[in-house]
Structures are given as structure tokens and as C-alpha cells.
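It should be emphasised that the depicted structure is a prediction, and the values quoted were computed from it without experimental measurement.
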Amino acid sequence: DGIRDIGVTGVQTWCSSDLILITPNVLSVHFHPDDSTQKVNRTIIFERSERFYDIHFTTREVNVGEIHSRTGKPVYKIFFAYDPDWHFRTLPSKIGKSKFSLGFIGHYRADREEIISLVSNAYQANFCIVGKKWERFKNLRAKSVVLQATFGPGFSEIVSEAPLQLGLLNSENRDEHTARSFEIPACGGLLLAEDTIEHRSIFKSEENALFFKSNIDLFRKIDWVHKNPVAAQKIANSGYELITGGNNTWTDRAIEILGIVS
């Protein structure tokens with residue numbers, strides 16, 4: 001967090017910052033990657049300063065009207081993105097021939113516990129869980145591979161070892177998509193994500209990613225992937241081409257922001 005210069009004179013951005021810089025003739029632009037209406041994502045200083053920003057950007061459609069109601073300022077929605085220095089295909093993924101048949105990269109959240117436990121029970125050591133606080137659950141550690149959170153190239157390496165990756169949302173954040181929605185395909189992985197309007201908008205069809213509506217649907221999709229690795233790999237490859245060829249890096253998002261504020 002803090003000031004992020006996006007390269008245009010007179011324009012500066014703050015990302016979830018606790019600092020307002022009062023500078024004449026400078027446009028202050030705020031981007032909040034999380035649900036800025038939820039109390040957990042707000043600080044006392046942010047409560048006081050939110051209305052002073054000239055323009056707001058959010059990754060959630062639901063926040064657009066809420067932020068405008070609080071601030072009276074213009075609000076725009078943008079999608080998450082990926083960082084090509086962190087998220088890249090290390091080797092062509094090989095669904096059906098990888099170290100793990102299934103993976104999940106994300107921190108522990110209460111609304112994820114049930115589904116992760118169900119998948120762990122079903123796939124045991126073939127399931128790799130990466131993220132903070134999962135190690136506290138002995139039943140998961142006893143059955144599946146539980147690793148600490150990894151960032152940078154380590155993220156890409158995990159996806160190459162477990163190319164079929166679950167894309168779980170955070171209901172408390174009112175997610176319709178997350179950064180993982182872009183990061184996993186950018187690493188060459190096959191995204192198996194919760195079925196939302198925004199996921200459908202990003203991926204167009206299940207020729208580029210797979211979606212599930214329920215736990216039963218999830219297990220059906222996993223089973224289909226394992227029985228049809230060639231077809232599943234084709235979907236992963238298409239998703240990779242779609243995301244990496246479609247202006248979805250954070251640099252692209254900065255350019256998008258600049259186009260709006262200029």
C-alpha cells in the first residue's frame with residue numbers, strides 16, 4: 001500500500017492507502033481491490049479520507065453505487081489482472097501427467113473449509129493446498145499436501161505441478177471473480193471456478209475454463225477432467241491464450257485507468 005505513481009504528470013494513485021496527499025492540481029485516484037464497503041476492509045483513516053479522492057476504481061460491480069453514495073465521486077469498475085513476472089507458464093502443463101491431480105491456491109476462509117475438506121477426503125494425497133492457516137487442520141495435513149503460501153515464480157511452479165486448479169471466491173468479499181481468475185490461466189492451469197456472471201464474461205464459454213454451481217457439480221467436473229485429460233488440456237491451452245493474449249496484465253489495467261482519468 002501507499003502511493004503508486006502510474007506515470008502521468010498530475011495523476012497519482014493510492015491503493016487502500018491510509019494517506020491523503022493534498023497537492024494543488026493533482027488528481028487523486030483510489031483503487032480498492034477488496035470490497036470497500038465491508039468493515040474488515042476499512043480503517044479509521046480510510047473512513048475519514050475516502051470522500052477526498054476525486055475518482056474511485058473497484059473490482060466489484062456492487063461497490064460502484066455504494067462508493068458513489070458515500071463519496072459523491074465518479075466510480076468505475078475494472079477487472080482483476082495478473083503480473084507476467086509472477087504468473088507465467090513454466091512448461092506446457094500436462095493434465096493427467098502432473099505431480100498432483102488437483103490444487104487450490106488461497107488462504108483459509110471459513111466459507112472455503114467445507115469444500116476443501118470434501119475435496120481432500122476424495123483426492124487425498126493427489127490434492128495440493130497452498131495458503132495461510134490451512135496447516136492448522138490436522139485432518140487436511142493427514143490426507144493431502146498442505147503448503148505455506150507462495151508468491152512470485154513459486155506460484156507458477158505450483159500451478160505446473162497441479163494444473164487443474166480450484167477457483168474459490170470469498171463470499172464475505174462478495175466476489176464475482178478474483179485475481180486467481182486471471183493468474184491461474186496465465187500460468188497455463190485449467191481454472192475450475194465458481195459459476196458467476198463475471199466468470200462467464202471473462203471466459204465466454206467452457207472452452208476456456210470450467211465452472212461449477214454446486215459441490216455435486218464440482219465433483220462431476222473434476223471427474224470429467226480426469227477421464228478426459230486431452231480435452232481438458234485443450235481447454236487449459238485455450239484459457240491461457242485468451243488471458244495472456246487479451247490485455248489482462250496489471251499494466252493493461254493501469255493503461256485502462258489512465259484512459260478514463262485523462
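In this structure the side chain of Ile67 reaches within 4.5 angstrom of the side chain of Ser36, judged on heavy atoms. When side chains are defined from C-beta on, Ser120 does not count as touching Asn139, because their heavy atoms never get closer than 4.5 Å. Counting only heavy atoms from C-beta outward, the side chains of Pro163 and Ile95 approach each other to under 4.5 Å. In this structure the side chain of Thr251 reaches within 4.5 angstrom of the side chain of Ile255, judged on heavy atoms. Residues Val159 and Ile105 form a side-chain contact, since some pair of their non-hydrogen atoms from C-beta on lies under 4.5 Å apart. Counting heavy atoms from C-beta outward, Phe88 and Thr244 have side chains that stay 4.5 Å or more apart. Annotation: side chain of Glu176 is not in contact with side chain of Val62 (no heavy-atom distance under 4.5 Å).
Looking at Asp35 and Asn173, their side chains never bring a donor and an acceptor atom within 3.5 Å of each other. In the model, Ser28 has a side-chain atom that pairs as donor or acceptor with a side-chain atom of Asp54 under 3.5 Å. No donor-acceptor contact under 3.5 angstrom links the side chains of Glu241 and Asn237, judged on distance only. Arg253 and Asn247 share no donor-acceptor pair across their side chains, judged by distance under 3.5 Å alone.
Ile129 and Tyr123 fall within the same hydrophobic cluster, defined by Ile, Leu, Val, Met, Phe, Trp and Tyr side-chain heavy atoms under 4.5 Å apart, directly or through other members. Linking Ile, Leu, Val, Met, Phe, Trp and Tyr whenever their side-chain heavy atoms come within less than 4.5 Å puts Leu242 and Tyr82 in one cluster. In this structure, Phe203 is a member of the same hydrophobic cluster as Phe80, with clusters built from ILVMFWY side-chain heavy atoms closer than 4.5 Å. Connection of Tyr240 to Ile235 is not established within any shared hydrophobic cluster, with ILVMFWY side chains joined at heavy-atom distances below 4.5 Å, either directly or through further cluster members. Note on Ile78 and Leu27: same hydrophobic cluster, where clusters join Ile, Leu, Val, Met, Phe, Trp and Tyr whose side-chain heavy atoms are under 4.5 Å apart, directly or indirectly.
The CD1 atom of Ile116 lies 8.0 Å from the CG atom of Leu140; values are rounded to the nearest 0.5 Å. Distance check, rounded to the nearest 0.5 Å: OG1 of Thr58 to CD of Glu66 gives 9.0 Å. The CG atom of Asp195 lies 4.0 Å from the NZ atom of Lys213; values are rounded to the nearest 0.5 Å. Rounding to the nearest 0.5 angstrom, the gap separating the CH2 atom in Trp250 from the CZ atom in Phe31 is 4.0 Å. Here the straight-line distance linking atom NE2 of His107 with atom CD of Gln148 works out to 10.0 Å at 0.5 Å rounding. Gln233 CD to Lys97 NZ: the interatomic distance, rounded to the nearest 0.5 Å, is 10.0 Å.
Evaluation of the ring-ring contact (aromatic ring centres under 6.0 Å, His included) rule for His68 yields no partner, not counting sequence neighbours. Partners of Phe219 by ring-ring contact (aromatic ring centres under 6.0 Å, His included), not counting sequence neighbours: none found. The side-chain contact (heavy atoms from CB on, under 4.5 Å) check on Arg48 picks up Ile44, with sequence neighbours excluded. For the salt bridge (Lys or Arg N to Asp or Glu O under 4.0 Å) test, residues two or more places apart in sequence or in another chain that qualify with Glu206 are Lys221. Residues forming a salt bridge (Lys or Arg N to Asp or Glu O under 4.0 Å) with Arg60 (at least two apart in sequence, or on another chain): Asp175. The ring-ring contact (aromatic ring centres under 6.0 Å, His included) search around His87 returns Phe155, not counting sequence neighbours. Residues forming a salt bridge (Lys or Arg N to Asp or Glu O under 4.0 Å) with Asp223 (at least two apart in sequence, or on another chain): Lys227. With sequence neighbours excluded, the residues satisfying side-chain contact (heavy atoms from CB on, under 4.5 Å) with Ser171 are Asp111. Residues satisfying the side-chain contact (heavy atoms from CB on, under 4.5 Å) criterion with Leu218, sequence neighbours excluded, are Ile115, Val119, Leu166, Leu192, Phe212, Ile222. Remark: Glu198 engages Lys77 in a salt bridge (Lys or Arg N to Asp or Glu O under 4.0 Å) (not counting sequence neighbours). Listed by chain and number, the residues in a side-chain contact (heavy atoms from CB on, under 4.5 Å) with Leu147 are Cys128, Val130, Val145, Ile158 (sequence neighbours excluded). Scanning for ring-ring contact (aromatic ring centres under 6.0 Å, His included) contacts around Phe79 gives His177, with sequence neighbours left out.
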Checking Phe57 against Glu256 for the side-chain contact (heavy atoms from CB on, under 4.5 Å) test, could you report, in this order, the C-alpha distance in whole Å, the side-chain angles of both residues, the deciding distance, and whether it holds?
CA-CA 11 Å; Phe57 287 87; Glu256 182 181 352; over 6 Å; no
Would you check, one step at a time, whether the test side-chain contact (heavy atoms from CB on, under 4.5 Å) holds for Asn63 with Arg174?
CA-CA 9 Å; Asn63 284 157; Arg174 296 186 290 180; 3.4 Å; yes
Please assess Ile243 against Ile202 for the test side-chain contact (heavy atoms from CB on, under 4.5 Å), listing each intermediate value before the final yes or no.
CA-CA 9 Å; Ile243 295 303; Ile202 293 166; 4.0 Å; yes
Does the side-chain contact (heavy atoms from CB on, under 4.5 Å) test come out yes or no for Phe211 and Asp217, once each step is laid out?
CA-CA 9 Å; Phe211 312 113; Asp217 193 25; over 6 Å; no
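Of the possible donor and acceptor atoms, none in the side chain of Arg51 sits under 3.5 Å from a partner among the backbone N and O of Arg70. Here the side chain of Ser238 pairs a donor or acceptor atom with the backbone of Lys234 at under 3.5 angstrom. Put simply, the side chain of Trp134 gets close to the backbone of Gly106: a donor and an acceptor are under 3.5 Å apart. In this structure, the side chain of Glu194 engages the main chain of Leu169 through a donor-acceptor pair within 3.5 Å.
The two residues Gln165 and Ala162 have their closest heavy-atom pair at NE2-O, 2.9 Å. Minimum interatomic distance between Cys187 and Ser156 (heavy atoms only, all atoms of both residues): SG-OG, 3.5 Å. The nearest pair of heavy atoms linking Leu191 to Pro185 is CB-CG, 4.4 Å. Closest of all the heavy-atom pairs between Leu190 and Ala236 is CB-CB, 3.8 Å. Taking both residues in full, the closest heavy atoms of Gln124 and Asn121 are given as NE2-O, 3.0 Å, listed atom of the first, atom of the second, then distance. Of all heavy-atom pairs spanning His199 and Ala193, the tightest one is CE1-CB, 3.5 Å.
Enclosure of atom CZ in Arg141 by more than 12 non-hydrogen atoms of other residues, nucleotides or ligands within 6.0 angstrom is indicated. Within 6.0 Å of CD on Glu207 lie no more than 12 heavy atoms contributed by other residues, nucleotides or ligands.
In this structure, the ring of His32 has its center no less than 6.0 angstrom from the ring center of Tyr53.
Test Lys132, Glu113, Lys133 against Tyr108 for side-chain hydrogen bond (donor to acceptor under 3.5 Å, both in side chains) and you get one pass: Glu113.
For the pair Arg112 and Phe137, the cation does not sit on the ring face, since its NZ or CZ is not both under 6.0 Å from the ring centre and inside 45° of the axis.
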